[in-house]
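All values derive from a computational prediction rather than experimental measurement. Residues: numbered from 1 along the sequence shown. We count ligands from 1, going down the list as the structure has it; atoms in each ligand are counted the same way.
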Amino acid sequence: MSEAEAKQIERMKALLTAQKAAFRAERHRPLDKRKADLDRVADLCRKHADAIAEAISRDFGNRAKQESVIAEIAFVIQDARHAKKHLGKWSKPRRVGVPMTLMPGSAMIRREPKGVVGIVSPWNYPFQLAMAPLIAALAAGCRAMIKPSEYTPAMAELMKTLLAEAFEEDHVTVITGGPAVGEAFTKMTFDHLFYTGSTQVGRLVAMAAAENLVPVTLELGGKSPAIVTPGYPTDSAAKSIGWGKLFNAGQTCVAPDYVLTPKGTESALGEAIIKVAAHQFEDAATDDSYTAIVSDRHYARLNDMIEEARAGGAEILQPEHDADAAKAARKIPPTVVLNPPADCRLMTEEIFGPILPINGYTELDAATEYVADHDHPLALYVYSTDKTQADRVLDNTQSGGVGVNINLLHLSVPDLPFGGIGASGQGAYHGEAGFMTFSHERSVFRTGKWHPSRLLAPPYGKMYESVAKKQMK
Ligand code: NAD
């Protein structure tokens, strides 16, 4: 560990102590203050939108500005507005019934802030994936420390500056650094730890949190399938799948990872997707609206995956592009891979790039069985004009979320909880689910000075026997 990292770790420990003290001094942050916190987040997005988009683009080599505006900045503004609008309803105590045998009394659930939370965020949407959990934490009345990814240093530094301008450091703060800082961060005794990133690191984070019994949310990845059912119009499937796969050059946790389509339709669908790509980007290599791959390491990995599939006999489709310019810009052209071998990395690892394997199936049930045989994905997409058939696909599979005849956008519906299941994660956020992630449901049973339950205490008599008899029914 470098000296700078060691210093950073000391600093974050001191900040955690300061945040905990500040939380104790204001355990129940009033709603008007929380609403002002949410406004501050939305305001910094509006005021610094250009700087945010530029920082992300610098980190990626090129990130389409339109993608940063819609998927990061506007997303965060809308998320903050939604939380502000519904905060009153979400935070209201809930009254629940009391059984006759426990009367008289009243019971209620108070939704209280957990305290100081840690947020670890990845590089692929470096602003949204740090700020959306922050919004949920602020809405719940928590204080937060954010550890962004080391792969997007410009965005991390800007986020640190903007949040330092908007919040006291004992309320919200950003800790920069790589895996060593991340590891130390996840070992701290937060009141909740919220991690977004790979399944591999997620496992380590879960273990670190378990040491201190820190509750943890894991927003992980996986291979999200798109299943095209027989008879679904090829052009319509291609437009939707092509758009979702190429957004942010496939570096999206819920991007369609691979396609299952009826046997014999693979080529037509693959060619239609390449046509969509050619329509979206005149030349992906030089078009600024096509995003680059975040690092040389990720770029080499994706190229290796294509070459492995090619060597295994798969057919590779790409639109016309300037190969030298693509390489210089660290861009992988939109790539469709027809029927790759089952054991190649494209079919065994999350791709996280603009490469789409298409496989044929003989029966729809065989497609759902393939999905069910693998780790539960973060998202599953089904393309079908027949509701019964689409529902059958849902009934025979499990996934974090679902899009029917659409992809990616289920995560933009604010009241849909967003999260994985099994290897794709645990817990959820967005909307009320996010508020609940950072809240503790505190149960309160209130009675008067005297309560008949006192008659149940030893020495046991008739009262006890009559109540116990009733309870055993
Ligand atoms: P990553 O796991 O490499 O890094 C995520 C964060 O963890 C970074 O801040 C990193 O510094 C930190 N980290 C690294 N090693 C650590 C350690 N040992 N202990 C603690 N923290 C550590 O993930 P990534 O490559 O940035 O992101 C890509 C992955 O994230 C993909 O698998 C993708 O599917 C997933 N993802 C999931 C979602 C979701 O919402 N479910 C969203 C985006 C990305």
Applying a heavy-atom cut-off of 4.0 Å, say which part of [X] lies close to ligand 1: side chain, backbone, both or neither.
| X | result |
| --- | --- |
| Val254 | neither |
| Thr186 | side chain |
| Lys147 | both |
| Leu378 | side chain |
| Thr199 | neither |

Looking at ligand 1, is there an atom of it that comes within less than 4.0 Å of some heavy atom belonging to [X]?
| X | answer |
| --- | --- |
| Phe185 | no |
| Pro148 | yes |
| Phe418 | yes |

Using heavy-atom distances, let me know which of Trp123, Tyr151, Tyr195, Tyr125 sits nearest atom 2 (O) of ligand 1.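 Nearest option to atom 2 (O) of ligand 1, by heavy atoms: Tyr195.
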
Can you report which non-hydrogen protein atom sits closest to [atom], along with the distance?
| atom | answer |
| --- | --- |
| atom 35 (C) of ligand 1 | Gly197 O, 3.2 Å |
| atom 18 (N) of ligand 1 | Leu204 CD1, 3.7 Å |
| atom 23 (O) of ligand 1 | Ser198 N, 3.3 Å |
| atom 9 (O) of ligand 1 | Ser121 O, 2.9 Å |
| atom 39 (C) of ligand 1 | Cys253 SG, 3.5 Å |
| atom 16 (C) of ligand 1 | Val201 CG1, 3.4 Å |
| atom 34 (O) of ligand 1 | Glu350 OE2, 2.5 Å |
| atom 11 (O) of ligand 1 | Glu150 OE1, 2.5 Å |

Which atoms from ligand 1 have a heavy atom of [X] less than 4.0 Å away?
| X | result |
| --- | --- |
| Val120 | 6 (C), 7 (O), 9 (O), 12 (C) |
| Gly221 | 32 (O), 34 (O) |
| Phe352 | 28 (C), 31 (C), 33 (C), 34 (O) |
| Glu219 | 37 (C), 38 (C), 39 (C), 40 (O), 41 (N) |
| Leu129 | 42 (C), 43 (C) |
| Thr196 | 5 (C), 37 (C), 38 (C), 39 (C), 40 (O), 42 (C), 43 (C) |
| Asn124 | 43 (C), 44 (C) |

- What distance separates Leu302 CG from Arg330 CZ, expressed to the nearest 0.5 Å?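 Between Leu302 CG and Arg330 CZ, I get 11.5 Å after rounding to 0.5 Å.
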
Subject >> Nearest-0.5 Å distance that lies between atom CZ in Phe435 and atom CD1 in Ile135 >> reply: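 That separation rounds to 14.5 Å.
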
- Query: Considering residues, nucleotides and ligands other than Glu307, do more than 12 of their heavy atoms fall under 6.0 Å from its CD?
  - Reply: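 Enclosed: over 12 neighbouring heavy atoms sit under 6.0 Å from CD of Glu307.
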
Taking side-chain hydrogen bond (donor to acceptor under 3.5 Å, both in side chains) as the criterion, tell me which of Thr261, Asn407, Asn405 meets it with Tyr383.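 Between Tyr383 and the candidates, side-chain hydrogen bond (donor to acceptor under 3.5 Å, both in side chains) is satisfied uniquely by Asn407.
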
- Indicate whether the side chain of Arg297 and that of Tyr151 have a donor and an acceptor atom separated by less than 3.5 Å.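 Yes, side-chain donor-acceptor contact under 3.5 Å.
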
Look at [X] together with [Y] and state whether they make a salt bridge at an N to O cut-off of under 4.0 Å.
| X | Y | answer |
| --- | --- | --- |
| Glu169 | Arg143 | no |
| Asp37 | Arg34 | no |
| Glu183 | Lys187 | yes |
| Asp50 | Lys65 | yes |
| Glu432 | Arg111 | yes |
| Lys387 | Asp391 | yes |

Phe167 six-ring centre to Arg40 NZ/CZ under 6.0 Å and within 45° of normal: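 Ring-cation test returns yes.
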
- Where does the angle between the aromatic ring planes of His82 and Trp90 fall among parallel (under 30°), tilted (30 to 60°) and perpendicular (over 60°)?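 Rings of His82 and Trp90: tilted, as their planes differ by 30° to 60°.
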
Non-hydrogen atoms of Ala390 and Val404 that approach each other most closely: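 It is CB-CG1, 4.2 Å.
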
